[in-house]
Amino acid sequence: MSKMEVKTSLLDNMIGVGDMVLIEPLSEDTFIENLKKRFDHNEIYTYIGSVVISMNPYKSLPIYTAEKVEEYRNRNFYELSPHIYALADEAYRSLRDQDKDQCILITGESGAGKTEASKFVMSYVAAVCGKGQEVNKVKEQLLQSNPVLEAFGNAKTVRNDNSSRFGKYMDIEFDFKGDPLGGVISNYLLEKSRVVKQPRGERNFHIFYQLLSGASDDTLKKLKLDRDFSKYNYLSLDSATVNGLDDAASFRTVRNAMQIVGFMEDEVQSVLELVAAVLKLGNIEFKPESRCNGFDESRIKDKNGELIVGFFSSQRLSYMSWQNSTILTDNSFEQFIINYCNEKLQQIFIELTLREEQEEYIREVIIYVADFIIVVILNPTTVYHNAENYFSGLLIHLSTILVYICPLHVFCCLTVYHSLLNVVYVVMAPPTAGFQFRASVGTLMKNLLTKNPNYIRCIKPNDKKAAHIFTDSLVCHQARYLGLMENVRVRRAGYAFRQPYEPCLERYKMLCKQTWPHWKGPAREGVEVLLKNLQVPAEEFAFGRSKIFIRNPRMLFFLEEKRRQCLEDLATLIQKIYRGWKCRTHFLLLKKSQVVVAAWYRRFAQQKKYQNIRSSALVVQSFIRGWKARKLLRELKHKKRCEEAVTTISAYWHGTQARRELKCLKEEARRKHAVAVIWAYWLGLKVRRDYRKFFRANAGKKIYDFTIQRIMQKYFMGLKKTMPSMSPVDKSWPARPYGFLDGMHQDLRRIFHLWRCKKYRSQFTEEKKATYEEKLAASELFKDKKALYPSSVGQPFKGDYVEITKNPKYQKLNSLVEDKVLLADVVSKINRANGKGAPRIFLLTKKSFVLADQKTGQVKASVPLLDLSSVSVSTQSDGFFALKLKEGSTSAAKGDFLLSSDRLIEIITKLHRIGAASADRNQINIDISDEFLVQFKQDKVCVKFIQGTPKNGNGVACKRKNNRLLEVSVPSP
């Protein structure tokens, strides 16, 4: 069935028969076949009236979801397909709405699924009852009681890995709203003998294995236990581990459940200590010994031979999940009384079923005569005296009686025959613990009789605990001792099917024209009309106050078949009407569409025609307007040409007149000009005659001055256009055009260069000016004197190369220097013994220079600049320089310093500038030579520089030749 499909009746879409009362024909074979058919289709629940048969599927099925809970919530019992939720909902609603105490009785063989069925009932009740903090707490406690009970009362048997070895009776109290308030759990017949002995292939109770597997090492140490199962006599080793059971995880679940239920931590510890004590008691052995005085005594030892030295110390909804009954060849006494209690429960089941049938018939005023099966449990003490009279009295009212006597313990058997009865009487032992058990069972039976019963009969399909396997003989055996066939016969002895009038009329009203589609009168009259119209014999049904009773299932199936045929006819009619409606609707839609299309087409055609007419009219209008415009244009052009012809003729005429007048004026002007020219020439001749002697004396000098002025003007204009760039290093200059301008040309070049340098210098900052001044001083000191100088020109003088103010490694060293550090660099101090260098930090201030260790920053030497006399360097490209101290000064005690640095030019330049800028000390001399003396303490050593090829391809190499000579090899340029 799809997720969206919902059954509206038990009879819809049935797989087999959902209610065994309706099976036809009724026999044991058809009963088992119906169960098998439904089991093969994962339909594990089947009804016998209000009784639910539950088959253990041995697999998970998707029928216990929250959606299923909502589907069965507040629904009629027979409204949906058989399910355990339907019975739980019926019991809960009867409790809540009718104020009737309810009892759900779950029975079946070991492995049939009783424990799981009880969990499903509890989970459903917890899901549908009210919400709230207190309610949720109570529900959680009730649900968490199951793991605790299973740990202490369940064990692995040959037929079930989680077999309940006790009977459980849970009494849950509800308030008037249907919310749980609390519960009481009673247990019956705990199989105590399992603690000390288990059959082969079975285990002791789960708690022993869970404790040893899941407890922490500290807990086991406190309890003096070991994880090895083999060390305890009470734990069977052949079935210690079970596939699918995680004892360690189960122990954590049990501990958590005990806290939720309400156990205090000390109570939990006490329970665990008791479990540990039971395990240790199993290892106790009594060893007989004889004393010297002739008396006997016994010594107590454990399994390992160690001496034991201490002693170990409102409304109620109830459901009954009884201990697993087991059919074995040889039963123990405990198993025997378990089977006895199951027979008692079977008796109350049949008794309450008969009572329920009888009460319903009386309530509905139905007169009936039926054969029933009565199960009677006699008190064995009255068997010999009262049995025959008792059954003789019963025969007055019943046509068939089956008497089954279930004793507590068998010592001998006595068979007594009656004319209509086959009775087996069993003699019992004197009053023992069995009689005490009988009293508790009697109390239980009385308690169950005070409540409205609901039954779940659990059946296991096979002994292999596997899914999809249905063993007919095993299921048939369980159905027999559960009395399922007898239950069906009881329900069918009177009327097999009953249903309220309203749903019956609603379901079958289409079978009669008078009741279809709506019946106006009471529902009972409608059912009477319906059955009369169908000509159903009167003996096949009976009318109650609120229900219709049908005697034979064949009659129900006849109604169902008629309904099915009628539904097919109705479906055909509906299809016909629907198809006619669909065709008419389609036709009307086509017609409407045709009208719409025709209207749109006519509109389109008219619009197209109008557009064609409009475009034609526009074309005709345009042609007419064009013809008129061209005609007007021709007229205007003719008129314009006429006007232009007149203008042209007039212009030509005026032009001829103007040219004639101009010609006359020109003639007159020429005549006047000729007179003026002649007059001018005459005046010029006259002036020249008068001033000729003055002109000849001054004309040469004026012409010379004028010529020179023009040449200078041309020279300066050309120089303006060919002026070189503003860069001071640009040495280009325009060539001189004339030789007499050579001096002025060079002066202008020099003046321009000075002006250009001044403009360039004006852009410098103070720091940059100082740098260039240092570069200028370096040039004056080393240019053409030191081979290393050219390579230093392009390198800027940074001063601080080790970042002494930022580097945390040299913070202490920086704090020791009082003045501002002008230069900080790493140099090599040359050792006079072997000529090798050691790295040192060289710091230069205005007053002194300092040498410190590079790694530690410790000051090795601090020399005031007043004690420095001179500096010696070579002419080669090496970085060696000697700082010579004044004789007699305090710093000269250790001798001069021979150092090496790649920044020699910058170091010596700064030293020289500091000496030159200071007024209180003499200027430091710079000695540039390839051979100079260095004072090392008391000895003077000559440092000699030679050109050669150092070993291993290295640069400058220093080597000690003798006590008085250090030789420095410098690579050839």
Side-chain angles (χ1 to χ4, degrees), residues 56 58-60 110-111 113-116 118-119 143-166 168 185 187 190-261 263 265 267-283 303-304 312 321 323-324 326 464-466:
N56 191 347
Y58 289 113
K59 65 177 182 179
S60 298
S110 176
K114 300 184 296 302
T115 302
E116 293 300 318
S118 65
K119 292 179 182 178
L143 293 176
Q144 292 299 325
S145 64
N146 283 323
V148 179
L149 294 174
E150 290 181 8
F152 289 89
N154 288 25
K156 189 261 182 190
T157 64
V158 293
R159 299 188 178 186
N160 188 0
D161 292 341
N162 189 29
S163 177
S164 299
R165 310 314 300 163
F166 70 105
K168 177 173 62 177
I185 301 175
N187 64 81
L190 177 64
E191 189 184 8
K192 301 176 183 178
S193 61
R194 180 171 290 272
V195 175
V196 298
K197 183 179 180 181
Q198 306 90 36
R200 179 172 296 277
E202 297 188 2
R203 294 204 317 176
N204 210 325
F205 292 106
H206 292 327
I207 187 61
F208 298 109
Y209 304 93
Q210 292 174 359
L211 175 61
L212 297 180
S213 299
S216 63
D217 294 336
D218 294 339
T219 303
L220 293 179
K221 187 176 180 180
K222 291 179 181 178
L223 299 176
K224 299 181 181 180
L225 296 177
D226 196 293
R227 294 193 188 276
D228 188 3
F229 297 154
S230 62
K231 292 186 178 181
Y232 303 99
N233 290 333
Y234 283 172
L235 303 183
S236 60
L237 299 181
D238 55 345
S239 302
T241 58
V242 181
N243 294 331
L245 289 181
D246 187 351
D247 292 325
S250 299
F251 180 75
R252 292 190 291 271
T253 303
V254 170
R255 287 292 300 267
N256 183 52
M258 293 177 73
Q259 293 179 358
I260 294 175
V261 169
F263 282 84
E265 188 62 32
E267 294 176 343
V268 175
Q269 187 64 26
S270 299
V271 172
L272 297 181
E273 290 176 357
L274 182 60
V275 175
V278 171
L279 284 176
K280 288 186 173 293
L281 284 175
N283 294 344
K303 182 180 180 181
N304 299 321
F312 294 103
S321 177
Q323 181 175 355
N324 291 318
T326 307
K464 298 180 180 179
K465 308 174 188 176

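Side chains included, hydrogens not; waters and symmetry mates left out as well; all remaining heavy atoms used.
Of the inter-residue distances, the one linking Leu272 atom CG with Leu220 atom CG reads 10.0 Å to the nearest 0.5 angstrom. Taking NZ from Lys231 and CG from Asn283, the interatomic distance works out to 10.5 Å, rounded to the nearest 0.5 Å. For the atom pair NZ of Lys222 and CD of Gln269, the computed distance is 6.5 Å after rounding to the nearest 0.5 Å.
Contact detail for Arg227 and Ser213: the closest heavy-atom pair is NH1-O, 3.3 Å. His206 and Glu150 make their closest contact through CD2-O, 3.6 Å (heavy atoms, listed as atom of the first residue, atom of the second, distance). Between Leu235 and Leu212, the closest heavy-atom pair is CD1-CD1, 3.5 Å. Heavy-atom minimum distance, Tyr234 versus Asn204: O-ND2, 2.9 Å. Nearest heavy atoms, Leu223 versus Leu211: CD1-CD1, 4.1 Å.
At a cut-off of 3.5 Å, with distance as the only test, a side-chain donor of Ser230 or Asp228 sits close to an acceptor on the other residue.
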For residues 247-255, please give each side-chain donor-acceptor pair under 3.5 Å, one per line with the distance, not counting sequence neighbours.
{"unit_1": "Asp247", "atom_1": "OD2", "unit_2": "Arg203", "atom_2": "NH1", "d": "3.2"}
{"unit_1": "Ser250", "atom_1": "OG", "unit_2": "Asp246", "atom_2": "O", "d": "2.8"}
{"unit_1": "Thr253", "atom_1": "OG1", "unit_2": "Ala249", "atom_2": "O", "d": "3.0"}
{"unit_1": "Arg255", "atom_1": "NH2", "unit_2": "Glu265", "atom_2": "OE2", "d": "3.1"}

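The side chain to side chain contact (heavy atoms under 4.5 Å, CB included) check on Asn56 picks up Tyr58, Pro461, with sequence neighbours excluded.
Between Phe205 and Phe152, the distance separating the two ring centers is not shorter than 6.0 angstrom.
Heavy-atom neighbours of Lys464 NZ from other residues, nucleotides or ligands within 6.0 Å: at or below the threshold of 12.
Side-chain atoms of Lys280 come within 3.5 Å of backbone atoms of Lys224 as a donor-acceptor pair (strictly under, hydrogens ignored). Counting only distance, with no hydrogens or angles, the side chain of Gln198 and the backbone of Thr157 share no donor-acceptor pair below 3.5 Å.
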